[in-house]
Amino acid sequence: MYKIVEKEHFSENVVKLIVEAPMIAQSRRPGHFVIVRTGEGGERIPLTISAADTVKGTITLVVQAIGESTRKICALEIGDCFTDIVGPLGQATHIENVGTVVCCGGGVGVAPLLPIIKAMKEAGNRVVSILAARTSDLIILEKEVSEYSDEVIIMTDDGSKGQKGLVTAGVESVINREKVDLVVAIGPAVMMKFVSLTTKKYDIPTMVSLNTIMVDGTGMCGACRVTVDGKTKFVCIDGPEFDAHKVDFDEMIMRLRAYN
Ligand code: FES
């Protein structure tokens, strides 16, 4: 059950795992996530499904080692198994042909963004993808993103790859040269906040996928709650995607920091 059949290191702390999970592979849609555990009593870690193969019955997960549990996951090798995987969870992404979609991924946020890029392209949209990271070695999945994008823009904080600057500069450069109908942003909360502030200036609909703390993933514990349009929402059952212009990012960032 849930055996790891492939493993690839994207960088020192970011690992791609392909895992046997045939039923999840069959029913997952872009935007869905799973909660995984390693070891009885292990911490429940939410991970977005970045791809699935219904023939092989596998799902692809991208994991960044940032704490004890994610370090344990990243240390798993081919042949090892997850103790359990629950999913697919959350609401699938709403995909339609809107025209031009700018998809922005920050760091490992590119992994959950990939199935959305693919689905947006397959729906007939022009897709401009912006991949952003601190340095060139933290840019992941560039080849896969290129396959489904009309254009890929790389932004790095230090200029070691692509253009030097933040993701918001890349978004603004596209907005200034062509009509953009939708922006999708997935990455660190601060990055999504500033992409949202940028697109708000131009009144461009923007969708974000929130990465809050989660425990049960079924709407019972309240750990993932966020305020959207003045109302409490649970990321695990109402999201993970929301209208960026309605999300209270400052509250979300404060709650994430409290956990640290
Ligand atoms: Fe418990 Fe969402 S993770 S309510």
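Side chains included, hydrogens not; waters and symmetry mates left out as well; all remaining heavy atoms used. Predicted model, so just to flag it, every value in this text is computed and none were measured. When a ligand or atom number is given, it counts from 1 through the structure's own listing order.
To the nearest 0.5 Å, atom CZ of residue R44 and atom OG1 of residue T38 are 12.5 Å apart.
A donor atom on one side chain and an acceptor atom on the other are not found under 3.5 Å apart for T198 and E172. Residues T227 and E251 have side chains that bring a donor and an acceptor to within less than 3.5 angstrom of each other. Side-chain polar atoms of T93 and H32 form no donor-acceptor pair below 3.5 angstrom.
Distances from atom 2 (Fe) of ligand 1 show that C221 has no N/O/S atom below 2.8 Å.
Nearest-heavy-atom check against atom 4 (S) of ligand 1 across G222, P240, G90 picks out G222.
Residue G219 has at least one heavy-atom neighbour below 4.0 Å for each of these atoms of ligand 1: 4 (S). Interface atoms of ligand 1 facing V215, defined by a heavy-atom separation under 4.0 Å, are 3 (S). Counting the atoms of ligand 1 from 1 in the order shown, those under 4.0 Å from a heavy atom of C236 are 2 (Fe), 3 (S), 4 (S). Contact atoms of ligand 1 toward M220: 4 (S) (distance under 4.0 Å to a heavy atom of the residue). In summary, the atoms of ligand 1 found under 4.0 Å from a heavy atom of C224, numbered by their order in the structure, are 2 (Fe), 3 (S), 4 (S). Residue-ligand proximity, G217 to ligand 1, at heavy-atom distances under 4.0 Å covers atoms 1 (Fe), 3 (S).
Counting heavy atoms under 4.0 Å from ligand 1, residue R225 does not touch it at all.
Closest to atom 1 (Fe) of ligand 1 among the N, O or S atoms of D216 is OD1.
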Please test T58 against E20 for side-chain hydrogen bond (donor to acceptor under 3.5 Å, both in side chains), starting from the C-alpha separation and ending with a verdict.
CA-CA 4 Å; T58 57; E20 277 177 358; over 6 Å; no

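Looking only at side-chain heavy atoms (C-beta outward), V102 and I130 come within less than 4.5 Å of each other.
Within a 6.0 Å sphere centred on CG of D158, heavy atoms belonging to other residues, nucleotides or ligands number more than 12.
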